[in-house]
Amino acid sequence: MKKILFVLCTCALTLASCGGNKNSVDFEAINLGMIEAFTKANEAVTVFDGKITEGVTSNDFASIAVAADTAIVAIDKQIEAVNAIAVPENGKAYQEATVKSLNVTKDLVEVGRKYSDLKEGYTPEEFATLDSVYNVQRTVLSQELANVATAAQEFVQAYAAPVVEETK
């Protein structure tokens with residue numbers, strides 16, 4: 001998740017330095033909106049990861065389900081925020097990739113929720129199985145974030161390209 005934030009911040013700096021067509025859409029604001037959504041979703045997942053550790057350590061497995069609910073609500077808010085961003089046609093792929101990755105982030109939380117199914121005295125195999133599935137979902141998320149990075153770069157390139165005005 002931090003890797004994508006770096007890429008998106010780089011895109012923000014590129015947009016800020018490019019200037020842009022004053023009659024066009026505020027591309028920098030669009031990119032910053034996407035970055036903000038990722039940042040808030042990442043914060044929700046980080047807190048959730050901590051709650052998994054706390055819940056497993058203290059055998060308070062029910063707290064993991066509560067933490068999952070909280071994280072899902074936070075991520076849903078970010079999906080709504082990204083969907084509310086008015087993007088030009090060349091930004092639709094970026095917006096769609098962002099929403100898809102946020103949904104995959106929700107999937108990660110849902111997989112993590114399964115730690116709440118553990119019972120006191122769980123076996124190392126039970127934990128290892130859950131941990132393996134959770135790590136696979138993290139890999140899926142990393143792949144989706146790479147797709148967002150590609151879409152963000154394409155968005156920036158389209159924005160940074162010289163504006164060609166039609167002649168009549």
Side-chain angles (χ1 to χ4, degrees), residues 1-53 64-114 133-168:
M1 194 70 116
K2 290 179 183 175
K3 182 171 41 173
I4 189 68
L5 289 174
F6 174 76
V7 170
L8 294 176
C9 286
T10 302
C11 292
L13 290 173
T14 302
L15 290 171
S17 67
C18 287
N21 182 345
K22 294 188 186 327
N23 297 324
S24 65
V25 175
D26 188 348
F27 291 90
E28 184 178 355
I30 292 167
N31 196 53
L32 292 175
M34 303 292 184
I35 292 169
E36 182 177 347
F38 271 113
T39 301
K40 289 181 179 179
N42 185 44
E43 289 168 1
V45 170
T46 299
V47 169
F48 177 65
D49 280 342
K51 295 295 182 181
I52 290 173
T53 301
I64 297 169
V66 172
D69 291 339
T70 302
I72 293 294
V73 167
I75 296 166
D76 278 339
K77 284 183 184 177
Q78 298 318 306
I79 292 170
E80 289 174 20
V82 169
N83 281 328
I85 297 172
V87 297
E89 198 56 41
N90 69 347
K92 293 287 184 194
Y94 182 23
Q95 185 178 41
E96 290 167 4
T98 302
V99 169
K100 185 174 181 184
S101 67
L102 289 170
N103 278 313
V104 171
T105 303
K106 277 177 45 176
D107 294 344
L108 175 68
V109 172
E110 288 299 344
V111 169
R113 177 191 301 274
K114 293 179 181 175
V133 172
Y134 193 66
N135 288 330
V136 165
Q137 189 61 35
R138 280 197 172 280
T139 301
V140 170
L141 178 58
S142 291
Q143 292 166 347
E144 283 304 319
L145 294 177
N147 293 338
V148 172
T150 299
Q153 289 172 341
E154 289 170 357
F155 177 68
V156 168
Q157 289 171 350
Y159 171 66
V163 177
V164 178
E165 295 186 26
E166 286 185 37
T167 56
K168 295 183 182 181

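For the numbers below, each heavy atom of this structure counts, side chains included, while hydrogens, waters and symmetry mates do not.
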*asked:* Please check this pair: side chain of Asn31 against backbone of Phe27, looking for a donor-acceptor N/O pair closer than 3.5 Å.
replied: no
*Residues Leu102, Thr98; criterion side-chain contact (heavy atoms from CB on, under 4.5 Å); working and verdict*: CA-CA 6 Å; Leu102 289 170; Thr98 302; 4.2 Å; yes
[atom1]-[atom2] distance between [X] and [Y], expressed to the nearest 0.5 angstrom:
{"X": "Leu108", "Y": "Tyr134", "atom1": "CG", "atom2": "OH", "answer": "4.0 Å"}
{"X": "Lys77", "Y": "Ile79", "atom1": "NZ", "atom2": "CD1", "answer": "13.0 Å"}
{"X": "Glu43", "Y": "Gln78", "atom1": "CD", "atom2": "CD", "answer": "9.0 Å"}
{"X": "Thr53", "Y": "Ile64", "atom1": "OG1", "atom2": "CD1", "answer": "8.5 Å"}

*Decide side-chain contact (heavy atoms from CB on, under 4.5 Å) for Leu32 and Ile35; before the verdict, give the C-alpha distance in whole Å, the side-chain angles of both, and the deciding distance to 0.1 Å.*
CA-CA 5 Å; Leu32 292 175; Ile35 292 169; 4.2 Å; yes
*Please examine the side chains of Ile85 and Glu36, heavy atoms only from C-beta on, and report whether any two atoms are closer than 4.5 Å.*
no
*Side chains of Met34 and Val148: does their closest heavy-atom pair fall under 4.5 Å?*
no
*Inter- and intrachain pairs under salt bridge (charged side-chain N to carboxylate O under 4.0 Å, His left out), touching residues 78-102, at least two apart*: Lys100-Glu144
*Chi angles and distances behind the side-chain contact (heavy atoms from CB on, under 4.5 Å) call for Ile75, Val45*: CA-CA 9 Å; Ile75 296 166; Val45 170; 4.2 Å; yes
What's the shortest heavy-atom distance between [X] and [Y], and which atoms?
{"X": "Ile72", "Y": "Lys106", "answer": "CD1-O, 3.7 Å"}
{"X": "Ala151", "Y": "Ala93", "answer": "CB-O, 4.0 Å"}
{"X": "Ala74", "Y": "Ala44", "answer": "CB-CB, 3.8 Å"}
{"X": "Val104", "Y": "Leu141", "answer": "CG1-CA, 3.7 Å"}

*Go through the steps to decide whether Phe48 and Thr105 satisfy the test side-chain contact (heavy atoms from CB on, under 4.5 Å), and finish with yes or no.*
CA-CA 11 Å; Phe48 177 65; Thr105 303; over 6 Å; no
*Salt-bridge contact Arg113-Glu110 (side-chain N to carboxylate O under 4.0 Å)*: yes
